[in-house]
Protein chains: 2
Amino acid sequence: VERTRVSFVAGAEGEWEILRVVPVRGDDLRAAARLARVEGSELARPDPSASWFLDGVRSHERYTESHEKQQLVAVQPTLGRPEATHGVLIPLRKSAAWWGLAQDERRAIFEASSRHIRIGLEYLPAVARRLYHCRDLGGEFDFLTWFEYAPGDAPAFAELVTRLRATPEWDFVEREVEVHVRRAPFTSPPRP
Amino acid sequence: VERTRVSFVAGAEGEWEILRVVPVRGDDLRAAARLARVEGSELARPDPSASWFLDGVRSHERYTESHEKQQLVAVQPTLGRPEATHGVLIPLRKSAAWWGLAQDERRAIFEASSRHIRIGLEYLPAVARRLYHCRDLGGEFDFLTWFEYAPGDAPAFAELVTRLRATPEWDFVEREVEVHVRRAPFTSPPRP
């Protein structure tokens, strides 16, 4: 649970080739050739030539309860599996109405009515997932979620996000973008 | 629930005169003459001559449930009351063990066994309080809590923190400092 910083940097370099950028709700993000995911103890200072960058923090769980955490830990794969050559970055912002709710109200929408954790569990270990928080950092988004999967699991990924978007929780989403990527050839081996 | 940034800057200037700095647990903070609390949409860039500065974010509630929120809203005073000439800044860091707990485990320690919210309510409206989060910002502390009260309520403040420190929640506190201040004479009127 140590804090790890992350910067997603879109530009000319990076181990992921950007295939397409899909604005799901709200404003798009600019197109670029490559995406880099840089984790470390400090935020990466992106090259000024970058098209855009998004910073986040890998931090503690905000809604997951202990029994759920045990289930997740039992089945979630690591990032960087050799077969997981496809990835998606989903930056997402929730509304002021969401953030104005109390913790129990948010948790009730998140799991009791939307079954966010339970739905995600159904797609493990096929679709690896890492959540970064960025609301407190003051950028345009509240969360950055990173997914990795094998090409054959692309339909599973699509089904996962379709199901989540049909839940009451998504009534509070006011901006969401999908950045689809593929591991670029001739780059260094995947990081763990 | 808009995010507001805060910087507490200790140095030669600021509307609060620093009376004393008390290391409750772990390392101290350096002494300085004055303390400024600067809220805004961006973090203040402190003067390089500052002794130290601590950044935080006024953000959404992390444990408060709706019934508790209603109770708090009903009794909590604003900051900047003319009679509240005394203040205390408490920067605090919790342990890795705390952050490794699931949300329900943290909530259970926070309120079910430690009664953090209930204890705080007993000292309202005498002791005004504003919580800032800073764990995701990557500094030395996880929280910055700011208290304001009239001189006659100093014993109530001392009792409040004594009671909180006796709870199971405080077993997870690994650093805590009290910075006691008094509104400096001949400064601009209190901000709301």
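Order of the sequence lines fixes the chain letters, A, B, ..., with proteins taken first and strands second; residue numbering starts at 1 for each chain. Quick caveat: nothing in here was measured; it's all calculated off a predicted structure.
Against chain B, the residues from residues 104-114 of chain A that qualify, each with a non-hydrogen atom under 4.5 angstrom away, are D104(A), E105(A), R106(A) in number order.
In this structure, the side chain to side chain contact (heavy atoms under 4.5 Å, CB included) partners of A150(A), at least two apart in sequence or on a different chain, are E83(A), D153(A). In this view, F141(B) satisfies the ring pair (Phe, Tyr, Trp, His ring centres under 6.0 Å) rule with no residue, not counting sequence neighbours.
Heavy atoms only, all atoms of each residue included: A102(A) and S66(B) are closest at CB-N, 3.4 Å. Here the closest heavy-atom approach between residue R5(A) and residue G138(B) is recorded as NH2-CA, 3.1 Å. In terms of heavy atoms, D136(A) sits closest to L137(B) at O-CD2, 3.4 Å. Summarising the geometry of R135(A) relative to H60(B), their closest heavy-atom pair is NE-ND1, 3.5 Å, with the distance given to 0.1 Å.
Within a 6.0 Å sphere centred on CD of Q76(A), heavy atoms belonging to other residues, nucleotides or ligands number more than 12. Counting non-hydrogen atoms of other residues, nucleotides and ligands closer than 6.0 Å to CZ of R118(A) gives a total of 12 or fewer.
Residues V75(A) and L72(A) share a hydrophobic cluster, clusters being chains of Ile/Leu/Val/Met/Phe/Trp/Tyr side chains in contact below 4.5 Å. Side-chain heavy atoms closer than 4.5 Å link hydrophobic residues (I, L, V, M, F, W, Y) into clusters, and following such links, even through other members, never connects V24(B) to L35(B).
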- Given side-chain contact (heavy atoms from CB on, under 4.5 Å), test Q103(B) with Q103(A) step by step and report yes or no. CA-CA 10 Å; Q103(B) 173 70 24; Q103(A) 172 70 22; 3.1 Å; yes

Under 3.5 Å, sequence neighbours excluded: what are the donor-acceptor pairs made by side chains of residues 88-96 of chain A?
from: R93(A); atom 1: NE; to: E174(A); atom 2: OE2; distance (Å): 2.9
from: R93(A); atom 1: NH1; to: E140(A); atom 2: O; distance (Å): 3.1
from: K94(A); atom 1: NZ; to: E169(A); atom 2: OE2; distance (Å): 2.5
from: S95(A); atom 1: OG; to: A97(A); atom 2: N; distance (Å): 3.4
from: S95(A); atom 1: OG; to: W98(A); atom 2: N; distance (Å): 3.3

